[in-house]
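A note on names: the letters A, B, ... follow the listed sequences, proteins ahead of strands, and every chain is numbered from 1. Source: prediction; values computed, not measured.
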2 protein chains.
Amino acid sequence: MNQECSCDKCELKELFFHNVTSKEIMSLCGSRVEKNYDKGDCIIEQGTTINEFIYLKSGLVKLYVTNTDGKEQILSFAKPFDFVSLLSVFSQNTYSYSVMAIDESTTCNISIHDVKKLLQNNGPFAMGILEKMSKVSDAVINESLQIRKRNLRGRIAYVLLHFRNDIYNSDYYELPVSRKEIAEYIGMTTENVIRALTEFRKDGIIKIFGKAIEIVSYKKLVQISEHG
Amino acid sequence: MNQECSCDKCELKELFFHNVTSKEIMSLCGSRVEKNYDKGDCIIEQGTTINEFIYLKSGLVKLYVTNTDGKEQILSFAKPFDFVSLLSVFSQNTYSYSVMAIDESTTCNISIHDVKKLLQNNGPFAMGILEKMSKVSDAVINESLQIRKRNLRGRIAYVLLHFRNDIYNSDYYELPVSRKEIAEYIGMTTENVIRALTEFRKDGIIKIFGKAIEIVSYKKLVQISEHG
DNA sequence: ACGATGAATTGATATATATCATAAACTGAT
DNA sequence: ATCAGTTTATGATATATATCAATTCATCGT
């Protein structure tokens with residue numbers, strides 16, 4: 001809460017606002033708050049009022065919407081340096097999706113009012129935000145298209161590669177999500193997610209130890225992702 | 001090309017940039033070009049360099065990507081006041097999707113360089129763009145989620161209602177797209193799109209005269225859209 | 001250590017959707 | 001008016017996915 005301001009040392013600063021001087025960033029410091037979340041903690045709840053601009057300093061989160069029938073659809077997984085409260089911030093008063101930590105996470109929260117004030121007065125800062133926002137939206141939309149054009153096996157391969165390449169950079173990793181959550185992400189049933197994983201295991205493409213995955217044949221996984 | 005500048009009279013101006021003075025908009029006028037397109041004309045081709053900021057003054061367009069296997073996925077339909085070259089403009093050098101007129105359309109094109117220059121110097125203008133961009137991205141993402149959670153019948157009902165409510169504001173309208181394009185939009189086959197339409201017709205929910213659709217029972221269509 | 005709850009798994013079956021084949025209706029160019 | 005190509009339409013069949021049921025496995029709190 002009242003921590004010593006350390007924004008000028010923040011390793012995230014330049015990534016976001018590479019056109020903005022240290023001094024300008026510092027001006028946000030007064031209202032800046034860091035928050036820690038455990039796995040499973042809710043960071044943003046769909047429907048609540050937006051009054052902070054939130055980005056992820058460390059950890060991993062899922063963005064999802066809850067439908068009227070109670071079912072959840074996962075929009076995207078966000079990793080550090082991704083703005084978490086990005087998509088709706090400038091167009092709506094309330095969040096149209098929820099965000100939950102799927103790993104221990106730290107966010108940096110800034111009063112939306114202060115961000116807007118800075119935007120008005122600082123062109124390069126505005127450009128930085130626009131660029132980042134454009135990138136994040138693009139990524140979410142592209143992800144959705146990628147998933148939609150694949151069948152079950154292709155979708156599972158795509159997800160495994162997504163974690164491999166975009167999150168963990170390793171052929172061995174712990175899935176940060178349940179089979180059910182993978183199902184909610186790719187729009188298929190939990191049972192079929194499990195069946196596809198089992199198939200891949202039986203074909204020697206991956207090894208499975210509970211939540212841990214080892215990619216044995218990266219090549220085959222890419223092929224399945226691309227051609228079903 | 002060299003038309004008399006009439007931006008101050010442009011009815012679109014205030015919708016986009018309600019915080020920006022007439023004078024500021026005028027500063028863009030030098031590089032502003034209007035272009036007309038016939039139905040079927042390509043406005044933006046996926047992969048080409050982005051050097052203009054394009055928005056739709058009148059008409060109707062489809063945004064789509066062409067996959068490596070030649071198949072097309074329709075992202076969204078855009079109507080006047082929607083930015084057409086929006087999503088990638090600030091994050092990429094080339095378009096990641098194509099835009100085609102599906103009705104006679106007019107666009108207003110502004111040099112992207114000039115827009116960026118104005119953004120740097122004009123906070124309220126930047127805020128206006130941010131808001132609009134946020135809204136458009138939100139809409140595209142939401143559309144995708146809406147479609148994904150429905151089955152064939154629900155998707156068709158959703159699409160018919162989309163044209164009804166968001167584009168034509170009438171229970172009777174001419175579909176601006178082929179059955180194949182509807183299929184590319186909702187991610188199902190052309191045959192099944194046709195079958196669903198036929199079913200609705202046989203059930204007395206809609207009437208079909210070629211491309212023309214008459215919604216007979218709005219209520220039932222909503223019900224199908226919501227509960228399959 | 002215990003039971004309780006939810007997660008992962010597997011199989012049998014039902015359902016939805018895709019594919020393939022065919023034909024009629026429509027469209028545009030000559 | 002005619003032909004070629006495309007769109008719309010319909011049926012038969014194959015395939016993919018969902019649903020339902022039952023079981024094991026893991027995890028959490030008392």
A.B. asks: Among residues two or more places apart or on two chains, list those pairs meeting side-chain hydrogen bond (donor to acceptor under 3.5 Å, both in side chains) that have a residue in residues 197-208 of chain B.
C.D. replies: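 The answer is B:Arg153-B:Glu199.
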A.B. asks: Check this for me: A:Glu226, atom CD, are more than 12 non-hydrogen atoms of other residues, nucleotides or ligands nearer than 6.0 Å?
C.D. replies: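 Atom CD in A:Glu226 is packed in, count exceeds 12.
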A.B. asks: So if I take residues 143-152 of chain B and measure heavy-atom distances to DNA chain C, which residues fall below 4.0 Å?
C.D. replies: B:Asn151, B:Leu152
A.B. asks: Are there more than 12 heavy atoms of other residues, nucleotides or ligands under 6.0 Å from atom NZ of B:Lys149?
C.D. replies: yes
A.B. asks: Tell me if the aromatic rings of A:Phe83 and A:Phe53 count as close, with their centers under 6.0 Å from one another.
C.D. replies: yes
A.B. asks: Does any donor atom in the side chain of B:Tyr185 or B:Glu143 lie under 3.5 Å from an acceptor atom in the other side chain?
C.D. replies: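 Per modelled atom types, B:Tyr185 and B:Glu143 side chains form a pair under 3.5 Å.
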A.B. asks: Just how far is it from atom OH of B:Tyr172 to atom CD of B:Glu174, taken to the nearest 0.5 Å?
C.D. replies: 5.5 Å
A.B. asks: Inspect the surroundings of CD in B:Glu214 and state if more than 12 heavy atoms from other residues, nucleotides or ligands are less than 6.0 Å away.
C.D. replies: yes
A.B. asks: Can you check the B:Phe200 CZ to D:dT8 C1' distance for me, whole Å?
C.D. replies: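 Taking atom C1' of D:dT8 as the reference, CZ of B:Phe200 is at 17 Å.
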A.B. asks: Salt bridge check: are B:Lys39 and B:Glu104 linked by an N-O gap of less than 4.0 Å?
C.D. replies: no
A.B. asks: Taking only heavy atoms on the protein side, list every residue of residues 201-213 of chain A lying under 4.0 Å from any atom of DNA chain C, sorted numerically.
C.D. replies: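 Contacting residues: A:Arg201, A:Lys211.
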A.B. asks: Drop me the distance from A:Leu63's CG to A:Gln46's CD, to the nearest 0.5 angstrom.
C.D. replies: 11.0 Å
A.B. asks: Under a 4.0 Å N-O cut-off, is there an ion pair linking A:Glu191 with A:Arg195?
C.D. replies: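 Here A:Glu191 does not pair with A:Arg195 in a salt bridge, since their nearest N and O are not under 4.0 Å apart.
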A.B. asks: Distance from A:Arg164 atom CZ to A:Ile215 atom CD1, nearest 0.5 Å?
C.D. replies: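 Reported to 0.5 Å precision, the distance equals 6.0 Å.
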A.B. asks: Should the ring pair A:Tyr97 and A:Tyr95 be called parallel, tilted or perpendicular, given that the plane angle runs from 0 to 90° and is split at 30 and 60?
C.D. replies: perpendicular
A.B. asks: I'd like the 5' and 3' limits of the part of DNA chain C contacted by chain A, with heavy-atom contacts below 4.0 Å.
C.D. replies: C:dA8 to C:dA12
A.B. asks: Which atom pair, heavy atoms only, marks the closest approach of B:Asp41 to B:Met100?
C.D. replies: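 Closest approach of B:Asp41 to B:Met100, heavy atoms only: O-CG, 3.3 Å.
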A.B. asks: Taking the six-membered ring for Trp, are the ring centroids of A:Phe163 and A:Phe77 within less than 6.0 Å of each other?
C.D. replies: yes
A.B. asks: What parts of residues 176-194 of chain B reach DNA chain D, counting only heavy atoms under 4.0 Å away?
C.D. replies: B:Ser178, B:Arg179, B:Lys180, B:Glu191, B:Ile194
A.B. asks: Sort me out a list of protein N/O and nucleotides 27-30 of chain D N/O pairs below 3.5 Å, or just none if empty.
C.D. replies:
none

A.B. asks: Check this for me, if you would: do A:Arg179 and A:Glu181 make a salt bridge, where the nitrogen-to-carboxylate-oxygen distance has to be below 4.0 angstrom?
C.D. replies: no
